[in-house]
Amino acid sequence: MKDRVIGNLIKKETVRQEETLDLIPSENIVSQGVRDALGSVFTNKYAEGYPGRRYYAGNEVVDEVEQLCRERALRAFRLSPKKWHVNVQPYSGSPANLAVYAGLVPLGEKIMGMQLDMGGHLTHGHKVSFTGNAWKQVPYGVNKSTEMLDYAQLANLAIQEQPKLIVAGFTAYPRKIDFGALRKIADTVHAYFMVDMSHFAGLVAGRAIPSPFPYADIVTTTTHKTLRGPRGAMIFCKSDLAKAIDKAVFPGFQGGPHVNQIAGTAVALEEAAQPAFRDYAKQVVQNARVLAKELQYLGWRIVSGGTDTHLLLIDTFARGIPGGEASTLLEKNGIIVNKNTIPFDTRSPMDPSGIRMGTPTLTTRGMKEKEMVRVAHMIHGVIVEHKNVKNEIRALCKKFPVKG
Ligand SMILES: *Cc1c(COP(=O)(O)O)cnc(C)c1O
């Protein structure tokens, strides 16, 4: 690297990632193959348009890349190209969701999405997001006693509010989603049913949790979370919606696609279609379960009583410790988590009651149940006994290096 300054920062970040435990559920470690594609000459190319219909010359190789990426995307999720279309150009998850709404929902109409403080995403219609300005959010949450989705409640809300689109798929909901129940609700009010599987796409590809595809009209996903690809996104839709979605992405919102990113996504999708990825996805869920169980054993309240996925929410304030304080204590020791609101949080989002943790990155590093038990005890020791576990963390990290 000729640029010494950036070169040094890359080295510093490499060391940081090597020497800390990353428990942020939306992060992961990509393969060297994905990074090779990202750093390839495809970054030099303009390719506005779609395969076979470009506004620039010289796109014969790019066309092959995008076509291959689409094929691999459908294959990774076991979809028939007769029924499903996929757009692999969205720059990231937020513009992908925006494009779907713009393509399918008239401005000012209602979108039913989960509230941010219950585990939804900004782009599901929150008021500080453009999606909450251009459309009207019908917010929903979880049931107060179970802290899980209450489908009867959702049905009543949908009938009352008549949204044009219902979106499910969350950033801090640890449980399986009953896609079939939501499909029925959407049908009752003639709404589109969209699943934003950004967080758990890798678990769907790896068959560790049920797939939304038999039920949804549209499925959006980021590519950089459990799916273990480069930063980016994809929009899957039923064939009859393909034109509207493609038009909304380009020229509706975007200009030239990031072809290097699409090449990286193609690499990740091929990896996700391998049998080894199924083992990975299963282990991610198993690790999260063990982590949740061990923390419960140590006296922590886990929101909804556990997890079916890659993530869990700990109600640290149930023990008198705000989420921000817990996160800071952990960070000082090299355990990286994020503070998070819990359902019906009585504290502010800036200093909420809980922390959110996930296992995708640790599992990519090769950690299993045994290590999760250790991690749970370290987390407990740091937060409750203000223990210093830096050396223990460093030793654990050394044993499970970050491999590209
Ligand atoms: C991460 C995420 C997004 C946004 O993705 P970005 O790439 O950060 O824009 C949207 N929806 C959900 C559910 C997510 O988890």
Side-chain angles (χ1 to χ4, degrees), residues 22-28 30 34 38 87-102 111-132 134-135 137 139-142 149 165-177 179 182 193-205 209 211-212 216 218-237 245 248-249 253-254 257-258 260-262 264-265 268 284 288 307 309-313 337-338 340-341 343 356-361:
D22 180 4
L23 282 149
I24 293 176
S26 50
E27 295 183 357
N28 214 326
V30 300
V34 169
L38 272 179
N87 187 309
V88 296
Q89 293 195 3
Y91 299 145
S92 215
S94 305
N97 288 349
L98 194 50
V100 172
Y101 306 150
I111 289 171
M112 185 164 145
M114 192 187 257
Q115 281 166 244
L116 188 66
D117 60 0
M118 295 266 185
H121 190 262
L122 283 167
T123 58
H124 294 187
H126 191 274
K127 63 178 187 301
V128 302
S129 151
F130 182 72
T131 60
W135 297 278
Q137 190 195 38
Y140 65 89
V142 294
L149 289 172
L165 183 146
I166 299 176
V167 53
F170 319 109
T171 67
Y173 185 72
R175 295 303 191 167
K176 263 185 226 162
I177 301 166
F179 300 118
L182 288 162
F193 177 37
M194 164 175 157
V195 175
D196 176 354
M197 63 169 184
S198 290
H199 253 265
F200 52 85
L203 306 183
V204 174
I209 59 167
S211 168
I218 310 106
V219 177
T220 60
T221 184
T222 51
T223 44
H224 49 276
K225 297 178 185 174
T226 47
L227 194 56
R228 226 160 62 183
R231 310 197 80 79
M234 302 185 282
I235 303 171
F236 296 86
C237 63
I245 295 294
V249 173
F253 278 104
Q254 300 191 169
H258 298 175
N260 57 322
Q261 170 192 324
I262 293 172
T265 299
V284 166
T307 177
T309 63
H310 61 300
L311 70 82
L312 48 134
L313 271 176
V337 303
N338 64 281
N340 217 96
T341 52
R356 185 183 69 152
M357 304 196 307
T359 52
T361 303

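Because the structure is predicted, anything quoted here is derived from the model rather than measured. Counting starts at 1 for both ligands and their atoms, following the listed order.
Looking at Pro25 and Arg356, their side chains come closer than 4.5 Å, going by heavy atoms from C-beta outward.
Met114 CE to Asp196 CG: the interatomic distance, rounded to the nearest 0.5 Å, is 12.0 Å.
Take Arg231 and apply the salt bridge (charged side-chain N to carboxylate O under 4.0 Å, His left out) test, not counting sequence neighbours, and it matches no residue.
When ring centroids are compared, His258 and Tyr91 come within the 6.0 Å threshold.
In summary, the side chains of Asp117 and Gln115 do present a donor paired with an acceptor at a separation below 3.5 Å, with no hydrogens or angles considered. When only modelled atom types and interatomic distance are considered, Ser94 and Ser92 share no side-chain donor-acceptor pair under 3.5 Å.
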Write 'none' if nothing qualifies; otherwise put on separate lines each N/O atom of ligand 1 with a protein N/O atom under 3.5 Å away and their distance to 0.1 Å.
residue: ligand 1; atom: 7 (O); partner: Ser92; partner atom: OG; Å: 2.4
residue: ligand 1; atom: 7 (O); partner: Gly93; partner atom: N; Å: 3.0
residue: ligand 1; atom: 9 (O); partner: Gly93; partner atom: N; Å: 3.4
residue: ligand 1; atom: 9 (O); partner: Ser94; partner atom: N; Å: 2.8
residue: ligand 1; atom: 9 (O); partner: Ser94; partner atom: OG; Å: 2.7
residue: ligand 1; atom: 11 (N); partner: Asp196; partner atom: OD2; Å: 2.5
residue: ligand 1; atom: 15 (O); partner: Lys225; partner atom: NZ; Å: 2.7

